[in-house]
There are 2 protein chains.
Amino acid sequence: MTSVIVKEEAVASETKTRMVEGAARLLAMQGLQGTSFSEVLELTGAPRGSVYHHFPEGKDQLIAAAIDLAGSRALQAVDDWAGRTPVQVTEAFLGLWRSVLVRSELRAGCAVLAVTVATDSPDLLAAAADVFRSWRVRLAALFETGGLQPQAAARFAATLVAASEGGVVLSRAEQSMEPFELVAAELVERAASAATPA
Amino acid sequence: MTSVIVKEEAVASETKTRMVEGAARLLAMQGLQGTSFSEVLELTGAPRGSVYHHFPEGKDQLIAAAIDLAGSRALQAVDDWAGRTPVQVTEAFLGLWRSVLVRSELRAGCAVLAVTVATDSPDLLAAAADVFRSWRVRLAALFETGGLQPQAAARFAATLVAASEGGVVLSRAEQSMEPFELVAAELVERAASAATPA
DNA sequence: GTCTATACGAAGATAGAC
DNA sequence: GTCTATCTTCGTATAGAC
């Protein structure tokens with residue numbers, strides 16, 4: 001019986017999941033403004049009648065779900081890097097963002113950042129904060145395991161997240177990978193020197 | 001006669017200037033979505049009839065002007081730092097953003113970034129790119145003068161801009177100066193070690 | 001769960017008087 | 001240069017049938 005319920009829920013949430021994924025993609029490409037229900041429905045092919053069935057609280061609920069999705073996906077990737085050196089973790093995190101830029105031909109960025117700078121909802125801001133904080137904390141944990149002191153690990157984790165986000169924005173604006181790659185090179189070098197203190 | 005013309009232009013552009021400044025402030029606080037004509041007029045007290053008189057090309061023209069304003073203001077500050085050491089320049093640039101955060105009680109960020117992640121206009125993207133590039137170039141020049149090699153200077157300038165922008169976003173989301181200050185400490189230390197190579 | 005239709009408001013933009 | 005009025009489009013949200 002449990003299996004039946006699970007299956008029903010899975011079926012029921014399929015459209016919902018597609019909408020959340022679509023919203024996350026649109027946020028990354030067009031920002032909060034460009035992520036309207038119409039756009040989401042067009043992108044996902046979801047039926048218009050499903051909107052307020054799946055998201056009774058309206059747009060904010062959809063956006064919050066998209067933020068959570070984007071956040072947890074990156075977090076899963078980070079957790080796969082356990083045991084790697086600080087340099088390897090740094091390169092892997094940068095690789096995540098590089099692929100976002102390259103695969104979108106420099107048209108996409110970070111969905112969470114896009115919401116942060118465009119919303120006036122405390123709830124959405126808090127959802128974004130949870131994501132950023134979780135990234136920082138998990139990265140810092142990896143750096144600690146990799147040999148950095150706790151404070152140095154926390155500092156470098158914050159810098160890695162901030163500089164990656166900023167590098168993505170710069171490259172999007174300039175329509176060139178140059179700024180991002182400059183930042184990436186600097187971060188990798190910094191990770192190397194932090195891991196082998198004088 | 002020239003003075004008369006100049007005066008007329010000055011008077012004519014006073015409302016226009018106020019609108020551009022208001023737009024820049026709103027962009028930094030509420031993003032592109034929240035920077036509507038209504039909001040700009042309410043904030044600046046400008047007459048509604050002036051909108052399409054001063055900005056015949058519509059909203060994009062106003063936003064482009066706001067980007068230029070925000071960009072050139074920061075650039076003026078950077079140019080005032082000629083002769084300073086890399087560490088001092090880094091601290092000054094970070095100070096610019098720290099004051100944006102603190103004075104707004106963590107409610108404002110970078111207007112140029114807000115446009116970059118929310119627009120679909122190639123013109124606005126290009127305007128944002130010009131700003132970011134100019135910041136990177138001028139900062140790199142100061143770092144070169146301060147003793148860094150050209151490539152190292154360009155790399156650290158890009159990192160300083162990117163990490164500052166990202167740090168502002170993180171602190172806004174988390175409603176705490178912590179992430180920004182972690183990033184700031186890391187950047188200052190990096191500037192110090194870059195200026196005195198092993 | 002999904003559909004159509006529609007209400008409602010906001011925002012960008014235009015017209016014409018003053 | 002400024003004002004009022006208006007038009008259009010779009011986005012959110014709701015209602016009620018299927």
Side-chain angles (χ1 to χ4, degrees), chain A residues 4-27 29-67 114-115 118-121 123-124, chain B residues 4-20 22-23 25-27 29-67 114-115 118-121 123-124:
Chain A
V4 172
I5 294 174
V6 168
K7 189 185 177 189
E8 279 174 357
E9 284 175 351
V11 171
S13 61
E14 202 159 296
T15 296
K16 186 174 179 176
T17 301
R18 284 215 322 277
M19 290 183 69
V20 175
E21 287 172 341
R25 282 179 53 193
L26 284 170
L27 283 175
M29 289 194 297
Q30 306 180 320
L32 190 55
Q33 186 176 28
T35 307
S36 62
F37 282 135
S38 312
E39 298 257 2
V40 173
L41 295 178
E42 189 181 354
L43 177 68
T44 62
R48 189 165 266 283
S50 310
V51 176
Y52 284 87
H53 173 73
H54 292 300
F55 305 96
E57 292 168 41
K59 180 168 179 176
D60 278 6
Q61 190 179 4
L62 171 63
I63 301 299
I67 290 176
V115 175
T119 190
D120 55 353
S121 154
D123 288 353
L124 289 183
Chain B
V4 171
I5 292 176
V6 167
K7 190 187 178 187
E8 279 174 357
E9 283 176 351
V11 171
S13 62
E14 201 159 298
T15 296
K16 186 173 179 177
T17 300
R18 284 215 323 278
M19 291 184 69
V20 174
R25 282 180 53 193
L26 286 171
L27 283 174
M29 288 195 297
Q30 307 180 318
L32 190 54
Q33 186 177 29
T35 307
S36 63
F37 282 136
S38 312
E39 298 257 3
V40 172
L41 295 178
E42 188 181 353
L43 178 68
T44 62
R48 185 165 273 281
S50 310
V51 176
Y52 284 88
H53 174 72
H54 291 302
F55 304 97
E57 290 168 41
K59 180 168 179 174
D60 278 6
Q61 190 179 4
L62 171 63
I63 300 300
I67 290 177
V115 175
T119 190
D120 54 351
S121 153
D123 288 353
L124 288 183

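Each chain gets a letter, A, B and so on, in the order its sequence line appears, and its residues count up from 1.
Not counting sequence neighbours, A/Glu42 has no partner by the side-chain contact (heavy atoms from CB on, under 4.5 Å) test. Judged as a side-chain contact (heavy atoms from CB on, under 4.5 Å), and not counting sequence neighbours, the contacts of B/Ala64 are B/Leu124. Taking the side-chain hydrogen bond (donor to acceptor under 3.5 Å, both in side chains) definition, one finds that A/Glu21 meets it with A/Arg73, sequence neighbours left out. For B/Ser38, the side-chain hydrogen bond (donor to acceptor under 3.5 Å, both in side chains) criterion is met by B/Arg48, not counting sequence neighbours. Applying the ring-ring contact (aromatic ring centres under 6.0 Å, His included) rule to B/Phe37 yields the partners B/Tyr52; only residues at least two apart in sequence or on another chain are considered.
The one candidate from A/Val115, A/Asp123, A/Thr119 that meets the side-chain contact (heavy atoms from CB on, under 4.5 Å) condition with A/Ile63 is A/Val115.
When rounded to the nearest whole Å, the span between CG of A/Leu62 and P of D/dG11 equals 14 Å. Taking atom NE2 of residue A/His53 and atom C1' of nucleotide D/dG16, one finds them 16 Å apart after rounding to whole Å. Atoms CZ (A/Phe55) and P (D/dG11) sit 18 Å apart, rounded to a whole Å. In this entry the distance linking CD of A/Gln30 with P of D/dC10 reads 14 Å, nearest Å. Between B/Gln61 atom CD and C/dG12 atom P there is a gap of 14 Å when expressed in whole angstrom units.
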Every protein N/O lying under 3.5 Å from an N/O of nucleotides 12-15 of chain D:
{"unit_1": "D/dT12", "atom_1": "OP1", "unit_2": "A/Lys59", "atom_2": "NZ", "d": "2.9"}
{"unit_1": "D/dT12", "atom_1": "OP2", "unit_2": "A/Phe37", "atom_2": "N", "d": "2.9"}
{"unit_1": "D/dA13", "atom_1": "OP2", "unit_2": "A/Tyr52", "atom_2": "OH", "d": "2.6"}
{"unit_1": "D/dA13", "atom_1": "OP2", "unit_2": "A/Lys59", "atom_2": "N", "d": "3.1"}
{"unit_1": "D/dA13", "atom_1": "O5'", "unit_2": "A/Tyr52", "atom_2": "OH", "d": "2.9"}

